[in-house]
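Here the structure is a predicted model, which means the values were calculated and not measured. Only this structure's heavy atoms are used, side chains among them; waters, hydrogens and symmetry mates stay out.
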Amino acid sequence: MTEQVKTPKDKWELQVTDTIKIQQFDDKNFVIQQLKEVTHPKTRETIRSYINQGYFPTVSKALDGILNKDLMVDLNRVSELKDYVREVRKAKAYIRDLMENL
């Protein structure tokens, strides 16, 4: 049985949604990355790029971080507290389902 060794370019990655992923940063950290439109500093061109949203020691803590940072809550759909609670519950259910199927 041969052991597969990961190269730096072949880091572990979990696509959580279309715009959010968790990627292994090094052997002790995982990073949440969110796809956003940003302006390239030199060309002033608007591009879509993954932006780091935080570092966590485990995948489980990174998933909690996604919830804590409201990265899955669409604040444009929230006008009342009950709307916010509904969005948070939906995000928690999605994360819980994701964790059960890992």
Side-chain angles (χ1 to χ4, degrees):
M1 183 170 160
T2 59
E3 183 176 338
Q4 186 177 9
V5 178
K6 291 185 178 182
T7 63
K9 291 172 64 176
D10 189 25
K11 293 184 178 180
W12 183 89
E13 187 175 286
L14 173 66
Q15 193 73 38
V16 179
T17 67
D18 291 342
T19 60
I20 299 171
K21 67 181 179 179
I22 298 171
Q23 187 177 57
Q24 184 177 12
F25 181 74
D26 57 24
D27 59 340
K28 295 181 181 172
N29 292 291
F30 294 88
V31 63
I32 297 172
Q33 296 181 325
Q34 186 174 27
L35 189 61
K36 291 187 171 190
E37 288 190 2
V38 296
T39 303
H40 191 280
K42 291 184 180 178
T43 64
R44 300 290 181 216
E45 180 183 1
T46 300
I47 58 172
R48 290 175 53 91
S49 180
Y50 278 98
I51 306 299
N52 292 347
Q53 298 294 327
Y55 295 85
F56 300 87
T58 66
V59 174
S60 178
K61 297 240 186 247
L63 289 169
D64 287 340
I66 290 171
L67 295 174
N68 291 338
K69 292 176 176 277
D70 285 340
L71 297 178
M72 293 179 60
V73 174
D74 183 2
L75 294 177
N76 294 326
R77 298 176 66 185
V78 173
S79 60
E80 297 179 2
L81 181 59
K82 68 179 182 176
D83 298 332
Y84 177 76
V85 170
R86 182 186 65 241
E87 290 291 311
V88 169
R89 284 183 178 158
K90 188 167 58 170
K92 284 184 177 184
Y94 181 85
I95 295 290
R96 186 174 38 250
D97 184 53
L98 186 65
M99 288 186 72
E100 288 175 359
N101 293 315
L102 278 179

Among all residues two or more places apart in sequence or in another chain, which pass the side chain to side chain contact (heavy atoms under 4.5 Å, CB included) test with Y50?
Q15, K21, Q33, L35
OG1 of T39 to CZ of R44, rounded to nearest 0.5 Å, is 7.5 Å
Which heavy atom of Q24 sits nearest to which heavy atom of F30, and what is that distance?
CA-CD2, 3.7 Å
Inter-residue atom distance F25.CZ - N52.CG, 0.5 Å rounding:
7.5 Å
Measuring from atom CG of L63 to atom CD1 of I22, what distance do you get when rounded to the nearest 0.5 angstrom?
4.0 Å
Is it true that a side-chain atom of K36 and a backbone atom of I51 form a donor plus acceptor pair closer than 3.5 Å?
no
How long is the straight-line distance from CZ of R96 back to CZ of R89, given to the nearest 0.5 Å?
10.5 Å
Considering all heavy atoms of both residues, which atom of I32 and which atom of A62 are nearest to each other, and what is their separation?
CD1-O, 3.2 Å
Looking at every non-hydrogen atom in both residues, tell me the closest pair between V78 and D74 and how far apart they are.
CG2-O, 3.6 Å
Does the side chain of L71 come within less than 4.5 Å of T17's, by heavy atoms?
no
If you apply the rule side chain to side chain contact (heavy atoms under 4.5 Å, CB included), what do you find for L98 with L14, and how did you get there?
CA-CA 10 Å; L98 186 65; L14 173 66; 4.3 Å; yes
Has Y94 got a side-chain atom pairing as donor or acceptor with V16's backbone, closer than 3.5 angstrom?
yes
Set out, in order, the CA-CA distance, both residues' side-chain angles and the distance that settles side chain to side chain contact (heavy atoms under 4.5 Å, CB included) for W12 and V59, then state yes or no.
CA-CA 11 Å; W12 183 89; V59 174; 3.6 Å; yes
Distance, nearest 0.5 Å, that separates CE of M72 from NZ of K92:
12.0 Å
Using the side chain to side chain contact (heavy atoms under 4.5 Å, CB included) rule, take V73 and V88 through it: C-alpha gap first, then chi angles, then the decisive distance, then the call.
CA-CA 6 Å; V73 174; V88 169; 4.0 Å; yes
Expected output: side-chain D83 to main-chain E80 donor-acceptor under 3.5 Å
yes
Where is the tightest heavy-atom contact between N29 and D26, given as atom of each residue plus distance?
N-OD1, 2.8 Å
If you round to the nearest 0.5 Å, how far is CZ of R77 from NZ of K90?
4.0 Å
Can you name the side chain to side chain contact (heavy atoms under 4.5 Å, CB included) partners of D18, sequence neighbours left out?
none
